[in-house]
Amino acid sequence: MRAGGREDEEASRKLKSMDVDKAENGGGGAGEESPRPAVKYYGWKAMPFIIGNETFEKLGTLGTSANLLVYLTQVFHMRSVDAATLLNGLNGTTSLAPIIGAFLSDAYLGRYLALAIASVASLIGMFLLTLTAGADSLHPAECPAADGPCGTKATSYQLAVLFMAFAFLVLGSAGIRPCSMPFGADQFNPHTESGRRGINSFFNWYYFTFTAAMMISATVIIYVQSNVSWPIGLGIPTALMFLACVLFFMGTKLYVRVTPEGSPFTSVVQVLSAALRKRSLKQPKDPKQDLFDPPHTSAMVTKLAHTDQFRCLDKAAIVASPEEVRPGGAAPADPWRLCSVQQVEEVKCLIRIAPVWSTGIIYYVAVVQQSTYVVLAALQSDRRLGNNFHIPAASFTVFAMLAQTLWIPFYDRLLLPRLRKMTGKEEGFTLLQRQGIGIVLSTVAMVISAIVEDRRRAIALSQPTLGTTITGGAISAMSSLWMVPQLMVLGLSEAFNLISQIEFYYKEIPEHMRSVAGALAFCNLALGNYLSGFLVTIVHRTTGSGRNWLAQDLNKGRLDLFYWTIAGIGVFNFIYFVICARWYRFKGTSN
């Protein structure tokens with residue numbers, strides 16, 4: 001990792017005359033004539049603090065949340081259905097909270113302050129959760145018999161502390177999820193080649209630390225929680241979160257901090273309102289002459305060139321009368337009746353992104369299977385590794401993470417430089433190409449899953465089984481390691497699609513809305529989970545009269561046909577994606 005470069009320093013000197021009031025510690029007012037200080041990008045010098053913060057933060061939050069279902073049932077003595085319902089609500093809230101956090105960050109707080117508040121909130125939430133495990137007064141008394149029913153339930157006070165811990169964790173996710181990645185990318189100069197390459201590498205390394213943290217959380221931390229001690233198992237993530245906060249604040253002087261410019265959604269509504277009011281006007285013959293396009297003064301938001309897509313929105317920038325423009329011609333008299341070309345083009349950016357974004361929802365239907373039916377299939381397979389060790393069924397997701405962890409540094413350090421020479425493009429494959437590759441790989445993974453499941457079921461029905469599961473399903477003699485290839489392919493698909501998705505949103509959404517870009521991927525994940533659940537319900541109801549594809553005992557069902565269905569949906573999603581990608585026009589710039 002190199003720390004900036006001459007290109008960044010030269011670009012910073014060229015920016016001295018620009019308005020950098022929007023970055024770093026404030027600056028002079030808009031009316032000052034003296035040169036303002038240039039934005040100084042430290043690039044990779046700031047990364048030890050940001051990536052270090054991200055690594056410890058992910059270890060902390062994932063280590064806390066990964067085993068909550070077991071914690072609620074074993075320590076708080078909740079019924080499984082009640083614990084599952086509570087966690088579904090918690091997970092749903094933490095998936096939607098980033099939308100609110102992104103809005104507040106872009107409109108009022110800025111990414112630095114949002115991350116600072118969220119990091120401290122997460123630390124408080126983890127500390128309270130650790131207290132519920134360590135303090136006898138904050139959790140129900142232990143059951144007299146470990147394998148018998150337990151009548152000791154949590155008191156209202158104990159539940160209040162538990163829910164307070166969850167509330168702080170939700171607050172933390174609201175700020176960290178949408179802001180962490182855009183804030184890291186903000187540290188690189190997008191106007192230089194080295195800065196642009198730094199942004200591309202940052203996205204890869206960010207996701208590398210994320211998957212590495214998930215692997216450690218799914219193995220080491222869960223083992224400590226389940227086999228050593230809950231207070232220690234929850235205390236380790238809390239200590240890691242404390243280190244994350246320390247690292248984040250240590251790098252404060254190095255950070256580029258983009259200050260908010262007010263709610264970006266207000267500008268979107270203004271464009272739609274103005275275009276609706278002027279819908280009866282004729283389209284301008286010469287957009288360069290007939291549309292309101294005042295001088296662009298922001299140093300942080302890129303000036304967008306006029307495009308001919310969605311020309312109906314151009315009417316929002318038509319000057320219908322001289323009274324619509326203030327004296328001097330730099331601002332509209334009423335922003336709800338007249339908008340600039342820049343505002344109109346920003347709305348067009350959001351509309352163009354929407355179809356590509358929607359393909360991610362369908363893509364996640366395949367991805368989420370690794371935490372549901374893959375686990376159930378593993379339970380009814382031979383999970384022995386050696387004579388005494390059984391691989392936990394829930395730990396099979398580690399193989400997908402392992403594929404991502406191995407692939408990302410290989411791609412970034414070995415393959416990407418060669419692709420740059422071959423294609424002449426900084427990112428090697430374009431962002432849309434990488435997303436398409438990810439969709440194809442997810443479909444291939446579902447095909448492999450269907451073939452392996454058909455084989456597992458055939459062996460279970462034709463050969464002696466190895467016993468039964470707790471639900472009564474026979475355990476197939478087929479080794480569960482045959483499921484590793486499908487998980488590795490699925491992990492590779494995430495490495496291609498998810499990273500490029502986030503990078504695509506970051507680069508294509510206007511700069512003052514980048515926290516919203518960070519929240520879009522989490523919205524995809526949430527909606528993908530909902531769509532998967534809807535698909536499971538439909539399949540369960542439509543096949544229930546005969547042989548239920550998704551029977552409680554997988555040997556009596558046809559899970560392989562369910563996988564084939566998802567693969568078929570993936571094919572149609574790829575065709576839809578290709579259409580969207582060919583239609584898409586990347587964000588342009590003008591000088």
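Closest approach of G198 to W44, counting heavy atoms only: O-CZ2, 3.9 Å. Taking each heavy atom of S480 and R383 in turn, the nearest pair found is OG-CA, 3.4 Å. Closest non-hydrogen pair, N555 versus A460, comes out as OD1-CB, 3.5 Å. The heavy-atom pair separating G184 from M47 by the smallest distance is O-CE, 3.7 Å. Of all non-hydrogen atoms in L169 and S122, the two that sit nearest each other are CD2-O, 3.9 Å. Smallest separation of non-hydrogen atoms from W564 and A450: NE1-CB, 3.4 Å.
Residues E494 and Y363 have side chains in contact (heavy-atom distance under 4.5 Å, counting atoms from C-beta outward). Inter-residue side-chain proximity for S381 and W482 is flagged as unmet; no heavy-atom pair is nearer than 4.5 Å. Using a 4.5 Å heavy-atom threshold, the side chains of T443 and I566 count as separate. Residues F429 and T423 have side chains not in contact (no heavy-atom distance under 4.5 Å, counting atoms from C-beta outward). Side-chain contact between V452 and M478 is present, with heavy atoms from C-beta onward closer than 4.5 Å. Side-chain contact between L490 and L441: absent, with no pair of heavy atoms (C-beta onward) separated by less than 4.5 Å. When side chains are defined from C-beta on, I451 does not count as touching D560, because their heavy atoms never get closer than 4.5 Å. Between I439 and I362, every side-chain heavy-atom pair lies at or beyond the 4.5 Å cut-off.
With sequence neighbours excluded, the residues forming a side chain to side chain contact (heavy atoms under 4.5 Å, CB included) with V220 are I216, listed by chain and number. The salt bridge (Lys or Arg N to Asp or Glu O under 4.0 Å) search around E503 returns R434, K507, not counting sequence neighbours. Residues satisfying the side chain to side chain donor-acceptor pair (under 3.5 Å) test with S532, not counting sequence neighbours, are Q369. Considering only residues two or more places apart in sequence or on other chains, V356 meets the side chain to side chain contact (heavy atoms under 4.5 Å, CB included) condition with L432, Q435, F504, F577, C580, Y584. Residues satisfying the side chain to side chain donor-acceptor pair (under 3.5 Å) criterion with D382, sequence neighbours excluded, are R384. Among residues two or more places apart in sequence or in another chain, the salt bridge (Lys or Arg N to Asp or Glu O under 4.0 Å) test is passed with R457 by none.
For the atom pair CZ of F586 and CG of L431, the computed distance is 6.0 Å after rounding to the nearest 0.5 Å. The CZ atom of F310 sits 10.5 Å away from atom CD of E345, with the distance rounded to the nearest 0.5 Å. Interatomic distance, T543 OG1 to W549 CH2, rounded to the nearest 0.5 Å: 6.5 Å. Separation of atoms CG (L498) and OG (S493) is listed at 9.0 Å; rounding is to 0.5 Å. To the nearest 0.5 Å, atom CZ of residue R420 and atom CG of residue L415 are 10.5 Å apart.
Donor-acceptor pairing under 3.5 Å is lacking for the side chains of N497 and Y364.
Side chain of N189 to backbone of G195: no donor-acceptor contact under 3.5 angstrom is found. Of the possible donor and acceptor atoms, one in the side chain of R456 sits under 3.5 Å from a partner among the backbone N and O of Q380. The main-chain N or O of L520 is found under 3.5 Å from a side-chain atom of W357 such that the two form a donor-acceptor pair. For the pair S105 (side chain) and A102 (backbone), a donor-acceptor distance under 3.5 Å is absent.
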- Query: Yes or no on side-chain contact (heavy atoms from CB on, under 4.5 Å) for I509 and E346, after CA distance, side-chain angles and deciding distance?
  - Reply: CA-CA 8 Å; I509 284 182; E346 288 175 355; over 6 Å; no

